Amino acid sequence: MAAAAASAGAVVGGRQFRRARAAVAQPLGVCSGGGGLSLVADAGALAQAAVFNAVGQPVGCEPDRWIGAAWPPSLVLQGRFCRLEALDAARHGRDLFICLHADASRANWTYLNQGPFASLDAWQSWLANAIQAERTCYYALIDVDSGMAQGMAAYMNAQPEDGCVEIGGVHFSPAMRRSRLSTEAMYLMLKQVFELNYRRGEWRCDAHNASSARAALRLGFTFECLWRQRRVSKGRNRDAACFSMLDHEWPARRLALERWLHPINFDAAGRQRCDLAHFMARQG
């Protein structure tokens with residue numbers, strides 16, 4: 001994957017992101033196209049409305065008719081191109097090991113906190129532990145046509161009491177990247193997030209991971225901030241770029257995703273007629 005340039009510096013023209021120039025943004029990497037990608041958070045636009053308490057202090061408003069969120073159930077999420085099943089190390093482990101290690105360069109593992117794995121046993125052992133993590137729900141992403149697992153993703157850091165959950169642990173096989181399968185998988189996960197009454201969906205990635213940052217923006221997430229020195233991963237510093245999507249934003253994002261995924265948007269060879277950005281712009 002290409003590396004990214006990320007910055008949480010001053011707002012420039014109110015734009016969410018733009019091509020970086022050395023004079024205004026410190027590049028953290030270089031995109032494959034030769035330009036930098038600068039992520040800019042507009043604090044004024046992102047701030048939520050406030051009210052004043054009895055002593056004149058501004059405080060957040062009460063959530064409108066919100067009664068809490070539900071824990072993600074172990075349901076099969078069925079789409080036209082993919083199916084999401086609760087990940088089982090014994091049932092899905094071999095397929096995932098093969099497809100996620102298909103790229104001999106192992107570049108798809110660079111920005112993950114684990115892997116690549118030297119053996120199927122080591123991989124299945126890691127999987128078995130990962131799916132037991134607290135506040136986490138992993139899915140295997142199944143290609144409907146082949147019936148084979150082609151990727152994985154998870155709900156992480158789920159906080160139903162606050163209405164917040166992260167979509168993380170996203171790992172697509174080479175065959176799944178930049179496909180209808182991958183977009184539909186994220187659509188199905190987002191759809192369930194907001195149907196379960198979550199107020200906020202999160203996306204986090206290594207700040208150098210341009211592919212992940214662009215995927216978040218493409219899906220309709222908003223860049224919020226850069227967590228500097230968030231962790232040490234594989235012996236390297238890891239800054240985290242953080243994105244969010246809120247419940248009141250979802251209806252427009254949902255319509256855009258559904259219109260992009262509709263069969264009429266693809267020709268007989270499976271090529272898109274309009275990109276997702278076109279539908280996102282139409283929804284505002």
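Quick caveat, the model's predicted, so the values are computed rather than measured.
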* Asked: Do N53 side-chain atoms and Q57 backbone N/O form a donor-acceptor pair below 3.5 Å?
  -> yes
* Beyond-backbone contact of R259 with Q283, side-chain heavy atoms, under 4.5 angstrom -> yes
* Nearest atoms (heavy-atom pairs only) where F52 meets P58 -> CD2-N, 3.7 Å
* Identify which one of E202, E224, R204 satisfies the side chain to side chain donor-acceptor pair (under 3.5 Å) criterion when paired with S244. => E224
* **Output field: ring centroids F117/W109 closer than 6.0 Å** => yes
* **Over-ring placement of R199 relative to W66, 6.0 Å and 45° cut-offs** => yes
* Spacing of L276 atom CG and L217 atom CG [to the nearest 0.5 Å] -> 11.5 Å
* Asked: Would you find a donor on one side and an acceptor on the other, under 3.5 Å apart, between the side chain of D162 and the backbone of C164?
  -> no
* Asked: Has the side chain of H278 got a donor or acceptor atom that lies under 3.5 Å from a matching backbone atom of C274?
  -> no
* Verify the neighbour count for atom CZ of R228: are there more than 12 heavy atoms of other residues, nucleotides or ligands below 6.0 Å? => no
* Of the non-hydrogen atoms in C61 and A49, which two are nearest, and what is the gap between them? -> SG-O, 3.6 Å
* Structure fact -> Scanning both residues in full, the closest heavy-atom pair of A70 with Y198 reads O-OH, 2.9 Å
* Can R218 and T183 be counted as having a side-chain donor-acceptor contact under 3.5 angstrom? -> yes
* Is the gap between the ring centers of W250 and F194 under 6.0 Å? -> yes
* **Spacing of R80 atom CZ and L181 atom CG [to the nearest 0.5 Å]** => 12.0 Å
* Asked: Would a distance-only check, ignoring hydrogens and angles, find a side-chain to backbone donor-acceptor pair under 3.5 Å from N197 to G68?
  -> yes
Just distance, no hydrogens or angles: give the donor-acceptor pairs under 3.5 Å from side chains in residues 146-158, sequence neighbours left out.
| residue | atom | partner | partner atom | Å |
| --- | --- | --- | --- | --- |
| S146 | OG | M148 | N | 3.2 |
| Q150 | OE1 | S173 | OG | 2.7 |
| Y155 | OH | M189 | O | 2.7 |
| Y155 | OH | Q192 | NE2 | 3.1 |
| N157 | ND2 | E166 | OE1 | 2.6 |

* Do F172 and F81 sit in the same hydrophobic cluster, where Ile, Leu, Val, Met, Phe, Trp and Tyr count as joined when their side-chain heavy atoms come under 4.5 Å apart? -> yes
* Structure fact -> Contacts of E195 meeting side-chain contact (heavy atoms from CB on, under 4.5 Å) (sequence neighbours excluded), chain-then-number -> K191
* **W260 and M280: CA distance, side-chain angles, deciding distance, side chain to side chain contact (heavy atoms under 4.5 Å, CB included) verdict** => CA-CA 9 Å; W260 184 84; M280 288 289 181; over 6 Å; no
* Asked: Got D121 and W123 here, is their nearest side-chain heavy-atom distance under 4.5 Å?
  -> no
* Asked: Taking the side chain as C-beta and beyond, is there a heavy-atom pair between V165 and Q159 under 4.5 Å?
  -> no
* Asked: Are the side chain of S211 and the backbone N or O of N209 linked by a donor-acceptor pair below 3.5 Å?
  -> no
* Asked: Can you tell me if N265 uses its side chain to pair, donor with acceptor, with the backbone of Q272 under 3.5 Å?
  -> no
* To do: Mark yes or no for whether W227, through its side chain, and C242, through its backbone, hold a donor-acceptor pair below 3.5 Å.
  => no
* Could you give the distance from OH (Y138) to CG (L84), rounded to the nearest 0.5 Å? -> 14.0 Å
* Asked: Heavy-atom count around R254 CZ within 6.0 Å, excluding the residue itself: above 12?
  -> yes
* Calculate, to the nearest 0.5 Å, the distance between atoms CG and SG belonging to L112 and C205 respectively. => 11.0 Å
* Heavy-atom closest pair, residues A207 and L226 -> CB-CD1, 3.4 Å
* Consider only side-chain heavy atoms of I, L, V, M, F, W and Y, link residues closer than 4.5 Å, and tell whether F223 and L246 are in one cluster. => no
* To do: Measure the CG-CD distance between N129 and Q132 for me, rounded to the nearest 0.5 Å.
  => 8.0 Å
* Asked: Would you call F221 and L190 a side-chain contact if the rule is heavy atoms closer than 4.5 Å?
  -> yes
* Asked: Taking the side chain from R83 and the backbone from I142, do they hold a donor-acceptor pair closer than 3.5 Å?
  -> no
* Asked: Between H101 and P116, is any pair of side-chain heavy atoms under 4.5 Å apart?
  -> yes
* Heavy-atom count around E161 CD within 6.0 Å, excluding the residue itself: above 12? -> yes
* Asked: Does a donor on one side chain sit under 3.5 Å from an acceptor on the other, for D103 and S105?
  -> yes
* Does the side chain of C99 come within less than 4.5 Å of R94's, by heavy atoms? -> no
* Structure fact -> Taken to the nearest 0.5 Å, the spacing of S212 OG from Y111 OH works out to 10.5 Å
* Structure fact -> Between R238 and D206, the two heavy atoms sitting closest are NH2-N, 3.3 Å
* **Pairwise side-chain contact, N237 with V232, heavy-atom cut-off 4.5 Å (strictly under)** => no
* Linking I/L/V/M/F/W/Y whenever their side-chain heavy atoms sit closer than 4.5 Å, directly or via other members, would M186 and F266 fall into one cluster? -> yes
* To do: Test side chain to side chain contact (heavy atoms under 4.5 Å, CB included) on L219 and W203 and set out the steps.
  => CA-CA 10 Å; L219 291 168; W203 182 289; 3.9 Å; yes
* How far apart are the C-alpha atoms of Q78 and V144, what are their side-chain angles, what is the distance that settles it, and do they pass the side chain to side chain contact (heavy atoms under 4.5 Å, CB included) test? -> CA-CA 9 Å; Q78 183 67 54; V144 167; 3.7 Å; yes
* Residues S233, N113; criterion side chain to side chain contact (heavy atoms under 4.5 Å, CB included); working and verdict -> CA-CA 6 Å; S233 178; N113 294 316; 2.8 Å; yes
* More than 12 foreign heavy atoms under 6.0 Å from CZ of R106: is that the case here? -> yes
* To do: With the side chain counted from C-beta on, respond yes when Y187 and R253 share a heavy-atom pair under 4.5 Å apart, and no when they do not.
  => no
* Structure fact -> Closest non-hydrogen contact found for L196 with P72 is CD1-CA, 3.6 Å
* Can L120 be reached from L100 by stepping across I, L, V, M, F, W or Y side chains whose heavy atoms are under 4.5 Å apart? -> yes
